[in-house]
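What follows is a set of notes on a single structure, which appears directly below.
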Amino acid sequence: MKKRMCMLISGMVLMGTVSVFGANYTIDEVVHTYTAKAGTTDFSKDGVLQPLDTEIYIKDGYVMLPMRTFFSAVDTYNDIVWNAEQKTATLILQSQMISFDIKKNEILQNGEKLKVFGKLEIKNGRLFIPLRNWDSILNACGYEVQSGDITWNTERKEAMVKVKAFQFHQPNNLPKPVIFGEGQALVYTLPFTQQYDAMENVGDGLFIAKKYPNIYVVIDATGKEWAKFEQNTVLDLQYIGEGYFLVQDANTKDKYVVDKNGNMAFAMLYEKIDAFSEGLARVQNKEGKYGYVDKKGKLSIPCQFDDAEPFSDGLAAVTVRGECGYIDKNGDFFIEPQYVVARSFSEGLAGVKTENGLGYINTKGEEVIAPQYKWASPFVNGTAYVVEAVGEKVWLINQKGEKLKLLGENAYIKYDQNGDEEKLLMMEEMVYLPNKDHMHVYSFYDETGEIAKETYDWKQKFSDGLMTEYDEKTKMYGYVDKTGERLIASTFAQAEPFQDGYAVVARNVVLENGQKDTEWAVIQSPLSKK
């Protein structure tokens, strides 16, 4: 048995060589025994009968086995393609392509001929291969079949094939989420109603409700209507933050911005507008340059930047002629362009890149953590992930740049940030087995260190501290908190994520006329009451 230590792999934000560091796994050498009894459908693997609907037989002194049945027993992940016109079959197994040409009686490995014993033939709709050929085919695919591993018992009319293979095993003994509890009494800010046909929580306590056909209504969590767009007047309605909406006229296709009361704020004169942040929204003109408008549509900062980020902590990262710096809300450079990369501020720090690598500055432009890293995440809850340029070690650091925990090294990394709540890492390793096959080995991390995949998946689903949960018993949806406690019982046909303290839920009802309908409601987060 061969035992190795490895790291995760994913490759979405960082490329590096593979390490031997993180998750435990073992590669075990195993020998499988296959038996085939001529004149019967008895074909087994390690004593367990395999599905077979046509008899094994003997022809010209060779035991004839059906190709698909045998290779499905060897590896369920094989891929077999049959060409009826050409009478050829192609097998993809362990990255090898094995071709069978019945007309020419040829077997080829990646285009190179293998020696053939006996004749390939089709019988009862199945392609049969003489047993004598299985050793060369399996060896070509990375399995080990030695002389003497294929035997024939004349008395029992039974062939036996012993095949050495490699079995990959990764322990999964990390703690996993457990759901408990029955749920609390709900607070409905908007009780169930059939007034709307659909409802979307857009944030800031506002919702877009729809009535068919094509009626849009802006409401708050209590159901109060703030703005209504009558039938066929609006093609699309999008929330762009801080109480403002982007509207597309159904007739002219023109776009304009309104406040939550539906009052016109300004006409959309730009190719693109992003969400408002700190009172300003990023816009892009026809020439592809970026600037910022205020809530009256005034171009507060002209479109002059090659790239730009939303404002955070009073500053916005912008790019001019390939260099990045930070401007204030007057459009003046507060931190002069000098970086290769400049990111938005998060918890008072922003990631910047120089020729020395990635580091962090504060809102005064002071270097807090010197540029040195190959990759670095934003700070969330006081910590960030970084990867060293030399050795590519993956660390969890604090805002002083102190190394808190070593997570791995030389890994391919995928980084996920779930709002402002979680920052998660998935690392992946390509592990090559002795038979030249390979496995993708994954490990998962949060600030505490390695976590189970189930915990990783679990944490990705949280919003406002709660996660939608589907109960297999009730076949309904509810909500659980991060400890696994069911705070809201699974009683809804639909349950949307919480945002800014509220969530949209739905239930199915049968009307008096027998027709089915959906009722919508808004509930308040039980966490907002704590």
Side-chain angles (χ1 to χ4, degrees), residues 30-111 113-146 148-168 433 435 437:
V30 295
V31 177
H32 295 293
T33 301
Y34 301 86
T35 58
K37 192 169 186 177
T40 73
T41 59
D42 291 350
F43 175 67
S44 66
K45 176 181 181 179
D46 298 331
V48 179
L49 287 175
Q50 305 296 301
L52 179 59
D53 58 3
T54 185
E55 283 190 356
I56 302 163
Y57 61 96
I58 298 174
K59 182 177 180 180
D60 300 331
Y62 293 103
V63 177
M64 304 294 286
L65 296 177
M67 183 192 76
R68 186 178 296 274
T69 298
F70 186 82
F71 280 118
S72 294
V74 171
D75 190 336
T76 57
Y77 295 103
N78 70 74
D79 187 15
I80 301 173
V81 178
W82 169 251
N83 187 317
E85 183 178 350
Q86 298 295 326
K87 293 191 181 305
T88 60
T90 302
L91 165 73
I92 304 296
L93 183 65
Q94 310 290 29
S95 304
Q96 298 295 309
M97 183 172 70
I98 309 297
S99 302
F100 303 88
D101 191 319
I102 288 79
K103 292 180 181 179
K104 297 180 180 179
N105 201 49
E106 290 181 346
I107 302 176
L108 299 92
Q109 175 198 3
N110 300 328
K113 290 183 181 180
L114 298 177
K115 187 174 181 179
V116 178
F117 297 88
K119 284 186 65 72
L120 318 180
E121 73 173 15
I122 299 172
K123 185 176 181 180
N124 298 329
R126 303 288 186 273
L127 171 58
F128 282 80
I129 310 295
L131 175 66
R132 181 64 181 82
N133 296 287
W134 292 109
D135 57 348
S136 60
I137 296 171
L138 288 169
N139 283 323
C141 293
Y143 296 91
E144 188 175 328
V145 182
Q146 298 179 350
D149 286 340
I150 299 179
T151 58
W152 169 252
N153 186 312
T154 304
E155 183 179 348
R156 293 175 53 82
K157 293 186 177 181
E158 184 178 77
M160 179 182 295
V161 183
K162 291 186 177 181
V163 180
K164 184 184 293 184
F166 298 93
Q167 188 171 25
F168 180 89
L433 304 180
N435 63 354
D437 191 17

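The basis for the numbers below is simple: all heavy atoms, side chains too, and nothing from hydrogens, waters or symmetry mates.
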message: Can you tell me how far apart CG (Leu65) and OG1 (Thr54) are? Round to the nearest 0.5 Å.
response: 11.5 Å
query: Would you say Asn83's side chain and Thr88's backbone share a donor-acceptor pair under 3.5 angstrom?
result: no
- request: Apply salt bridge (Lys or Arg N to Asp or Glu O under 4.0 Å) to the pair Asp149 and Lys164, showing each step before the final yes or no.
  value: CA-CA 10 Å; Asp149 286 340; Lys164 184 184 293 184; over 6 Å; no
query: Looking at Lys104 and Asp101, what are the two nearest heavy atoms and their distance?
result: N-OD1, 3.0 Å
Heavy-atom neighbours of Lys45 NZ exceed 12 at 6.0 Å: yes
- request: Evaluate the side-chain proximity of Ile102 to Leu127: yes if any heavy-atom separation is below 4.5 Å, no if none is.
  value: yes
- prompt: How far does CD1 of Ile56 sit from CE of Met64, to the nearest 0.5 angstrom?
  reply: 11.5 Å
- prompt: Between CD1 of Ile98 and CD of Gln109, what distance do you get to the nearest 0.5 Å?
  reply: 5.0 Å
query: Got a donor-acceptor contact below 3.5 angstrom from the Ser72 side chain to the Thr69 backbone?
result: no
query: Would Lys59 and Phe128 count as a side-chain contact (heavy atoms from CB on, under 4.5 Å) if you check the C-alpha gap in whole Å, the side-chain angles of each, and the deciding distance to 0.1 Å?
result: CA-CA 11 Å; Lys59 182 177 180 180; Phe128 282 80; over 6 Å; no
Contact check, side chains of Pro66 and Ile129, non-hydrogen atoms, under 4.5 Å: no
field: Cation over ring face, Lys37 and Phe43, 6.0 Å, 45°
entry: no
task: Please report the C-alpha distance between Tyr34 and Lys162 in whole Å, then the side-chain angles of each, then the deciding distance to 0.1 Å, and finally whether the side-chain contact (heavy atoms from CB on, under 4.5 Å) criterion is met.
output: CA-CA 6 Å; Tyr34 301 86; Lys162 291 186 177 181; over 6 Å; no
- request: Verify side-chain contact (heavy atoms from CB on, under 4.5 Å) between Leu138 and Phe71, making sure each step is shown before the conclusion.
  value: CA-CA 9 Å; Leu138 288 169; Phe71 280 118; 4.0 Å; yes
message: For a 4.5 angstrom cut-off between non-hydrogen side-chain atoms, does Ser99 reach Ile107?
response: no
field: Phe70 CZ to Leu131 CG distance, which is reported to the nearest 0.5 Å
entry: 7.5 Å
query: If you draw a 6.0 Å radius around NZ in Lys103, do more than 12 non-hydrogen atoms from other residues or ligands fall strictly inside?
result: yes
field: Taking every non-hydrogen atom, the tightest pair across Trp82 and Ala89
entry: CE3-CB, 3.8 Å
statement: Note: Ser136 and Leu114 closest approach over all heavy atoms is O-CD1, 4.3 Å
- request: Heavy atoms only: give me the nearest Met97-Thr90 pair and the separation to one decimal.
  value: CG-CG2, 3.5 Å
task: Output yes when a side-chain donor or acceptor of Gln86 lies under 3.5 Å from a complementary backbone atom of Ala84, and no otherwise.
output: no
query: Hey, are Lys123 and Glu55 close enough for a salt bridge, meaning a charged N less than 4.0 Å from a carboxylate O?
result: no
- prompt: Is Asp135 reaching over with its side chain to a backbone N or O of Glu144, donor-acceptor style, under 3.5 angstrom?
  reply: no
- request: Let me see the working for Asn133 and Val116 under side-chain contact (heavy atoms from CB on, under 4.5 Å), right down to the final yes or no.
  value: CA-CA 6 Å; Asn133 296 287; Val116 178; 4.1 Å; yes
task: Please report the closest heavy-atom contact between Arg126 and Asp53, naming both atoms and the distance.
output: NH2-OD2, 2.5 Å
- prompt: Got a donor-acceptor contact below 3.5 angstrom from the Asn139 side chain to the Val145 backbone?
  reply: yes
- request: Say whether, by atom type as modelled, one donor and one acceptor occur between the side chain of Asn153 and the main chain of Glu155 under 3.5 angstrom.
  value: yes
- request: Look up atom CH2 in Trp134 and atom CE in Met67, then write down how far apart they are to the nearest 0.5 Å.
  value: 7.0 Å
message: Quick check for you: to the nearest 0.5 Å, what is the distance between Ile92 atom CD1 and Ile80 atom CD1?
response: 10.0 Å
